[in-house]
Q: 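Mind looking over this structure? Questions follow.
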Amino acid sequence: MMKRRAWLRALVALPLLAPIGAAALDEVIGRALFRRAWVPAPSSTHANDGLGPLFNARSCAACHHDLDRTPVQTNADGAVSSDHLVLRFSDAAGNPDPVYGRQMQSAAVAGVRAEGRVMKTEQGYKLDGLAYGDLGPTIRIGALQAPSLRGLGELETVPATAIAKIAADNAGRSDGVRGRVNWVTDAQGARQVGRFGWKASQPTLMAQVETAFLLDLGLSSKGHPLPQGDCTARQTECLAAPMGDRDGGPEISPDIVSRIVAYLAEVGARSAVGGNSAGLASFEAIGCAACHRPSLPGTHGPVQAFTDLLLHDLGSALDGGATEPGVASTEWRTAPLWGLSRTLANGAGLMHDGRARTVEDAIDLHGGEAAFAKTRFKSLPEAERRRLIAFLTSL
Ligand code: HEC
Ligand code: HEC
């Protein structure tokens, strides 16, 4: 029998709940799932288990704090102590390491050894304490930081045809800017435009979320049905560990994935382009906007993300080491610049591995297809350069 107070609470809650539609409710639940800490199987809270056996963090929010890009923290001994950065493994063609798989997992369930830890160095990041022997002789390491997750719903509404057309039109340019679509095959076997991740390798938010469950949390989904996550055939203790059992279904149901997608799709980016039109004019005049497109068409109006969602070769200074099949290690998706002010205010680094501390550092690292724009930036009069930087840091 319900106690009187519980009745009262139910009555008070009713009028508040009534106006919430199904879509909004999905979003609220999605937000809670994004923050949920998953636990190893078997557990009494069956719905929450299946974490690992190898994993990097227990929740999405552990790496994507407040959905923002936040600084990577290190201990006094140089070991990375925050979850905001991952190390990827691949050979030159993007094939994973035969023992460690695609990503280094720095944590594991009881009875399974974590793969190692990440150390900060002068040049970037390196591996320490590899638990399963050496990496394959041709395997390279690459560091990726967790990006901001604001505005992704809008990026998803840009028509694939519009992205492909920008790439086709670039063929006639004389400034060295090319840019190509990262065509990927989705879980259903269809050819799609990749748009999420530093390498634009995920075609949809759903595919990106399922990949995060696979690589970062070790949880299976419809798109990645095997429960062992990134454990390889050579990691036998990992394969023998208890996995989440869902009567043959994946550890993460399609419902959970779609609610997290609904939540992420609703989080807008800060709407860009403030008063500094002189700054924007120089940005366009010197060729930054050839890749960082101020506006793309979207289903709900212009998407002012300052990206073309294409892959560009930015040259050897930005060789990321590890890569993905079909993408060179020097190729990156044009980073969207909306929300840059937030990233800078948080003190997070710029570029895929966060090595640039300021916008000037970031520009300095541009080479390859962006060499011409960089040269033009450097030859701008001081005052104009300052206006351009002020414009970018206001986004
Ligand atoms: C261990 C840290 C970590 C965890 C945990 C994590 N992520 Fe990420 N996330 C990253 C990194 C690093 C990237 C960049 C990956 C890449 O480019 O391949 C990323 C990229 C993304 C992107 C693409 C953003 C863009 O700009 O294209 C989305 C969406 C995302 N994560 C959602 C999630 C969700 C949902 C979860 C939980 C299921 C999650 N992440 C868990 C580190 C993490
Ligand atoms: C040929 C295409 C291209 C051109 C031209 C270009 N960029 Fe970029 N830009 C990129 C790519 C690709 C990245 C992501 C690189 C990475 O993550 O390592 C990037 C990253 C950035 C970043 C870091 C963003 C972040 O979130 O970390 C800034 C700032 C930036 N560009 C500013 C500029 C400015 C200013 C210009 C003009 C002087 C310019 N870019 C010209 C392709 C381009």
Side-chain angles (χ1 to χ4, degrees), residues 30 33-34 36 38 55-64 67 69 82-86 88 103 105-107 143-152 155 170 175-179 195-202 205 208-217 219 221 252 256-257 260-261 263-264 282-283 286-292 306-308 310-314 317-318 320 324 330-337 339-340 343-344 348-356 358-363 365-366 368-378 380 388-389 391-393 395:
L33 290 167
F34 188 84
R36 174 184 282 185
W38 303 89
F55 59 97
N56 289 90
R58 291 170 191 275
S59 70
C60 307
C63 294
H64 298 291
L67 302 179
R69 196 191 298 178
S82 74
D83 298 313
H84 307 144
L85 184 108
V86 301
R88 292 277 173 83
Q103 180 166 305
Q105 281 86 24
S106 47
L144 295 178
Q145 62 167 337
S148 154
L149 301 188
R150 295 174 186 273
L152 302 181
L155 290 181
N170 280 351
D175 56 3
V177 171
R178 289 291 173 263
R195 51 180 93 205
F196 298 110
W198 292 105
K199 299 261 188 204
S201 44
Q202 299 300 330
L205 272 177
Q208 174 72 53
V209 171
E210 289 187 336
T211 304
F213 272 119
L214 165 80
L215 288 179
D216 303 324
L217 297 137
L219 284 150
S221 59
I252 297 296
I256 292 182
V257 174
I260 293 179
V261 168
Y263 163 55
L264 291 178
S282 331
F283 184 80
I286 65 170
C288 307
C291 304
H292 297 283
F306 292 86
T307 177
D308 54 6
L310 297 176
L311 289 177
H312 295 271
D313 193 324
L314 287 206
L318 286 171
E324 313 207 0
T330 49
E331 281 184 311
W332 301 99
R333 176 190 72 169
T334 305
L337 299 180
L340 197 59
T343 295
L344 292 166
L350 302 181
M351 311 308 259
H352 62 276
D353 56 1
R355 76 176 93 158
T358 63
V359 173
E360 288 94 328
D361 288 353
I363 297 171
L365 287 164
H366 284 61
E369 292 178 31
F372 191 51
K374 177 170 79 176
T375 308
R376 297 225 274 170
F377 173 76
K378 293 194 172 264
L380 284 179
L388 194 157
I389 302 282
F391 160 70
L392 289 180
T393 50
L395 293 178

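Just follow the structure's listing: the first ligand is 1, and inside any ligand the first atom is 1.
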Q: So which heavy atom in the protein is nearest atom 27 (O) of ligand 1, and how far is it from that ligand atom?
A: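 Closest protein heavy atom to atom 27 (O) of ligand 1: G197 N, 2.7 Å.
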Q: Could you tell me, atom by atom, which parts of ligand 1 come under 4.0 Å of a heavy atom of D83?
A: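 Numbered from 1, ligand 1 contributes 1 (C), 2 (C).
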Q: Which pair of non-hydrogen atoms, one from L217 and one from A57, has the smallest distance, and what is that distance?
A: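 Closest heavy-atom pair between L217 and A57: CD2-O, 3.0 Å.
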Q: Specify whether F391 and F306 have parallel, tilted or perpendicular ring planes, treating 30° as the upper limit for parallel and 60° as the lower limit for perpendicular.
A: perpendicular
Q: Given side chain to side chain donor-acceptor pair (under 3.5 Å), test Q103 with N56 step by step and report yes or no.
A: CA-CA 9 Å; Q103 180 166 305; N56 289 90; 2.8 Å; yes
Q: Could you identify the single nearest non-hydrogen protein atom to atom 15 (C) of ligand 1 and state the distance to 0.1 Å?
A: R88 NH2, 3.7 Å
Q: Is there a side-chain contact between I389 and T358 (heavy atoms, below 4.5 Å)?
A: no
Q: For the backbone of L155 and the side chain of R195, can you confirm whether one donor and one acceptor N or O come within less than 3.5 Å of each other?
A: yes
Q: Check R150 against ligand 1 and report side chain, backbone, both or neither, counting heavy atoms closer than 4.0 Å.
A: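 For R150, no heavy atom sits under 4.0 Å from ligand 1.
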Q: Considering only heavy atoms, does S59 approach ligand 1 within less than 4.0 Å through its side chain, its backbone, both, or neither?
A: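 The answer is the backbone.
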Q: Kindly give the heavy-atom pair with the smallest separation between C291 and V177, and that separation in Å.
A: SG-CG1, 3.8 Å
Q: Taking only non-hydrogen atoms of G287, do any sit less than 4.0 angstrom from ligand 2?
A: yes
Q: Taking 4.0 Å as the limit for heavy-atom contacts, which would you say applies to Q145 with ligand 1: side chain only, backbone only, both, or neither?
A: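 The answer is the backbone.
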Q: May I ask you to identify the nearest protein heavy atom to atom 2 (C) of ligand 1, giving residue, atom name and distance to one decimal place in Å?
A: C63 SG, 1.9 Å
Q: Please identify which atoms of ligand 1 are closer than 4.0 Å to at least one heavy atom of N56.
A: 1 (C)
Q: By number and element, which atoms of ligand 2 are closer than 4.0 Å to a non-hydrogen atom of R69?
A: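 Counting from 1, the qualifying ligand atoms are 25 (C), 26 (O), 27 (O).
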Q: Check each atom of ligand 1 against the heavy atoms of F213 and keep those under 4.0 Å away; list them by number with element.
A: 38 (C)
Q: Around atom 7 (N) of ligand 1, find the nearest protein heavy atom and jot down its residue, atom name and distance.
A: H64 NE2, 2.8 Å
Q: Provide, to 0.1 Å, the distance between atom 11 (C) of ligand 1 and the closest protein heavy atom, together with that atom's residue and name.
A: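 Result for atom 11 (C) of ligand 1: A146 CA, 3.7 Å.
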Q: What are the two closest heavy atoms between R376 and G287, and how far apart are they?
A: NH2-N, 4.0 Å
Q: Quick check for you: to the nearest 0.5 Å, what is the distance between L365 atom CG and M351 atom CE?
A: 5.5 Å
Q: Identify, by atom number and element, the atoms of ligand 1 in contact range of A57, meaning under 4.0 Å from any of its heavy atoms.
A: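 Listed by number with element: 5 (C).
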Q: With heavy-atom distances below 4.5 Å as the criterion, would you say the side chains of T343 and L350 are in contact?
A: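 Of all side-chain heavy-atom pairs linking L350 with T343, at least one is under 4.5 Å.
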Q: Could you tell me whether ligand 1 has any atom less than 4.0 Å away from a heavy atom of R58?
A: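 For ligand 1, residue contact (heavy atoms, under 4.0 Å) with R58 is absent.
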Q: Tell me, which protein residue and heavy-atom name are nearest atom 32 (C) of ligand 1, and how many Å apart are they?
A: L149 CD1, 3.7 Å
Q: Which option, Q105, R333, R36, owns the non-hydrogen atom nearest atom 26 (O) of ligand 1?
A: R333
Q: Take L340 and L392 through the side-chain contact (heavy atoms from CB on, under 4.5 Å) test and state the conclusion after the steps.
A: CA-CA 7 Å; L340 197 59; L392 289 180; 4.0 Å; yes
Q: On a heavy-atom basis, which atom in L314 and which in A370 lie closest, and how many Å separate them?
A: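 Scanning both residues completely, I find the closest heavy atoms to be CD2-CB, 3.9 Å.
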Q: Roughly how far, to the nearest 0.5 Å, is CG of L149 from CD1 of I260?
A: 11.0 Å
Q: Does the residue P147 have a heavy-atom contact with ligand 1, meaning some pair of atoms that are separated by less than 4.0 Å?
A: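 For ligand 1, residue contact (heavy atoms, under 4.0 Å) with P147 is present.
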Q: What protein heavy atom sits nearest atom 21 (C) of ligand 1, and how far away is it?
A: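 Here the closest protein heavy atom is Q208 NE2, 3.4 Å.
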Q: Which ligand 1 atoms, with their elements, are less than 4.0 angstrom from a heavy-atom of V86?
A: 1 (C), 12 (C)
Q: Write out the residue and atom name of the closest protein heavy atom to atom 17 (O) of ligand 1, then the distance separating them to 0.1 Å.
A: W198 N, 2.8 Å
Q: With the side chain counted from C-beta on, respond yes when L264 and L67 share a heavy-atom pair under 4.5 Å apart, and no when they do not.
A: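 Result yes, sub-4.5 Å side-chain heavy-atom pair found.
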Q: With the side chain counted from C-beta on, respond yes when R36 and S59 share a heavy-atom pair under 4.5 Å apart, and no when they do not.
A: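 No. Closest side-chain heavy atoms not under 4.5 Å.
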Q: For ligand 2, does F372 get within less than 4.0 Å through its side chain, its backbone, both, or neither, judged by non-hydrogen atoms?
A: neither
Q: Using a 4.0 Å heavy-atom cut-off, which part of T343 comes near ligand 2: side chain, backbone, both, or neither?
A: neither
Q: Under 2.8 Å from atom 8 (Fe) of ligand 2, how many protein N/O/S atoms do you get? Just the number, please.
A: 2
Q: Taking the six-membered ring for Trp and the full ring for Phe, Tyr or His, determine whether the centres of H352 and W332 are under 6.0 Å apart.
A: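 Yes, the ring of H352 comes within the 6.0 Å limit of the ring of W332, centre to centre.
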Q: Does any N or O in the side chain of E369 come within less than 3.5 Å of the main-chain N or O of G179, such that one atom is a donor and the other an acceptor?
A: yes
Q: Should the proximity of C60 to ligand 1, defined as any heavy atom under 4.0 Å, be assigned to the side chain, the backbone, both, or neither?
A: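 C60 to ligand 1: contacts from backbone and side chain alike.
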Q: Is the shortest distance from a heavy atom of R178 to ligand 2 less than 4.0 Å?
A: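 Flag not set, R178 not near ligand 2.
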Q: With respect to atom 20 (C) of ligand 2, which of K374, M351, H352 exhibits the smallest heavy-atom separation?
A: M351
Q: Any side-chain heavy-atom pair from H312 and E331 closer than 4.5 angstrom?
A: no
Q: Heavy-atom pairs closer than 4.0 Å: do any link ligand 1 to the side chain of L85, the backbone, both, or neither?
A: neither
Q: Near E369, which atoms of ligand 2 are under 4.0 Å from a heavy atom of that residue?
A: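 Checking each atom against E369, I get 1 (C).
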Q: For ligand 1, which atoms sit closer than 4.0 Å to a heavy atom of I260?
A: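 Going through ligand 1 atom by atom, the ones under 4.0 Å from I260 are 35 (C).
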Q: Which atoms from ligand 2 have a heavy atom of L392 less than 4.0 Å away?
A: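 Near L392, the atoms of ligand 2 are 35 (C).
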Q: Give a yes or no on whether the backbone of A356 and the side-chain of D361 come within a donor-acceptor separation of less than 3.5 Å.
A: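 Such a contact is absent between D361 side chain and A356 backbone.
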Q: Between T307 and L337, is there a side-chain heavy-atom distance shorter than 4.5 Å?
A: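 L337 does not reach T307 side chain to side chain.
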Q: Any non-hydrogen side-chain atom of C63 less than 4.5 Å from a side-chain atom of D216?
A: no
Q: Any side-chain heavy atom of H64 within less than 4.5 Å of one from F34?
A: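 Side chain of H64 against side chain of F34, heavy atoms only: contact under 4.5 Å found.
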Q: Check each atom of ligand 2 against the heavy atoms of L350 and keep those under 4.0 Å away; list them by number with element.
A: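 With L350 as reference, the close atoms of ligand 2 come out as 27 (O).
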Q: Suppose I only count heavy atoms of L217 and a 4.0 Å limit; which atoms of ligand 1 are within that range?
A: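 Result: 37 (C), 38 (C).
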Q: Could you grab the distance from atom CD1 of I363 to atom CD1 of I286, nearest 0.5 Å is fine?
A: 7.0 Å
Q: Give the atoms of ligand 1, by number and element, whose distance to some non-hydrogen atom of L144 is under 4.0 Å.
A: 12 (C), 16 (C), 17 (O), 18 (O)
